[in-house]
Amino acid sequence: MPGSGQEQININNIMFKNNPYINELLDENSDAKELDWNDFYNTRVFIKSLPAVERCYFAKPRYKNIVYLNPKSQVAHLHLTKNGFVEMTEDVTGYTHGVIKDKELKGLNVRNVVKLFEEKGIKLPENNELEATIQAADKWIQQKQGILDCAMYKIIERGGNRIGPRRAFLFAKEFGRSIDVPMMYTVDRSDPGLRLFMNEYIKAGVLNI
């Protein structure tokens, strides 16, 4: 990558420069300020540092432990892990008249179960709990992504037209958000570090392909 090792350290540690939140926590001469940002602060550390009431918003979605294919009959159903994998099923063989057997579904993710039903031409009832638990998980994920996007824009706003985009860029890489968003705010041509920042963006884009 173009640039010296010192330049790399500087762009990683842009999170520390003129950051009132970090400065309140660390002494000006703290050795922690010489650390690479990725070593010092990452997704896991960030989430663990939040109060419990806020940390819950970043938890992984939990799937229902029992979902009925037809809630009205409450016969054919699947037992799921919290991550949405089938532990066991009951009466799916009878419900599908043998087209899909119970043993076929064990270990499958719920999304693959729905795909299998579609491939076999078996239509699920509109109010089935299988698709409902997937939709609930998707909404939870969308909410978490929305919170992260809002945080990224706030980082840009508070950091100004030079430091803000750099901090947001590191945030985007760490939390899986779009690195294109921070680059929309890097048009300050008088910025002496602009070329290095652009190189970091290009490098990150290539790695994500």
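The model shown is predicted, which means the values in this text are computed figures rather than measured ones.
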Minimum-distance pair of heavy atoms, taken over all atoms of [X] and [Y]:
X: Ala59; Y: Trp140; result: O-NE1, 2.8 Å
X: Leu105; Y: Val86; result: O-CB, 3.2 Å
X: Tyr63; Y: Val110; result: CE2-CG2, 3.7 Å
X: Ala172; Y: Pro182; result: CB-CG, 4.5 Å
X: Glu87; Y: Thr81; result: CG-CG2, 3.3 Å
X: Phe117; Y: Val92; result: CZ-CG1, 4.2 Å

Hey, quick one: are [X] and [Y] part of the same hydrophobic cluster, counting side-chain heavy atoms closer than 4.5 Å, chains of contacts allowed?
X: Ile134; Y: Phe85; result: no
X: Met152; Y: Ile147; result: yes
X: Met88; Y: Ile100; result: no
X: Val113; Y: Val99; result: yes

Between [Y] and [X], is there a side-chain donor-acceptor contact under 3.5 Å, judged purely by atom types and distance?
X: Asp180; Y: Tyr201; value: yes
X: His77; Y: Glu129; value: no
X: Glu131; Y: Asn128; value: yes

With side-chain contact (heavy atoms from CB on, under 4.5 Å) as the test, would you mind laying out the steps for Val75 and Asn70 before giving the verdict? CA-CA 7 Å; Val75 179; Asn70 189 339; over 6 Å; no

With rounding to the nearest 0.5 angstrom, report the [atom1] to [atom2] distance, [X] to [Y].
X: Phe175; Y: Lys144; atom1: CZ; atom2: NZ; answer: 10.5 Å
X: Arg158; Y: Arg167; atom1: CZ; atom2: CZ; answer: 11.0 Å
X: Met184; Y: Ile156; atom1: CE; atom2: CD1; answer: 9.0 Å
X: Thr89; Y: Glu104; atom1: OG1; atom2: CD; answer: 9.5 Å
X: Ile155; Y: Cys150; atom1: CD1; atom2: SG; answer: 11.5 Å

Let me see the working for Met183 and Ile179 under side-chain contact (heavy atoms from CB on, under 4.5 Å), right down to the final yes or no. CA-CA 7 Å; Met183 299 309 296; Ile179 61 173; 5.6 Å; no

For side-chain contact (heavy atoms from CB on, under 4.5 Å), just list the numbers for Asn109 and Asn83, CA-CA rounded to whole Å, side-chain angles, deciding distance to a tenth of an Å, and then say yes or no. CA-CA 8 Å; Asn109 183 274; Asn83 295 321; over 6 Å; no

[Y] side chain reached by [X] side chain, heavy atoms, under 4.5 Å:
X: Tyr68; Y: Leu78; value: no
X: Thr96; Y: Ile122; value: yes
X: Leu124; Y: Leu130; value: yes

If you count the non-hydrogen atoms of other residues, nucleotides and ligands that lie under 6.0 Å from CZ in Arg177, is the total more than 12? yes

Got a salt bridge between Glu118 and Lys115, using NZ or NE/NH1/NH2 to carboxylate O under 4.0 Å? no

Is the shortest distance from a Lys or Arg side-chain nitrogen in Arg111 or Asp138 to a carboxylate oxygen in the other one below 4.0 Å? yes

Any sub-3.5 Å donor-acceptor pair from Thr93's side-chain atoms to Gly98's backbone N or O? no

Walk me through whether Val181 and Phe169 qualify under side-chain contact (heavy atoms from CB on, under 4.5 Å). CA-CA 8 Å; Val181 173; Phe169 175 72; over 6 Å; no

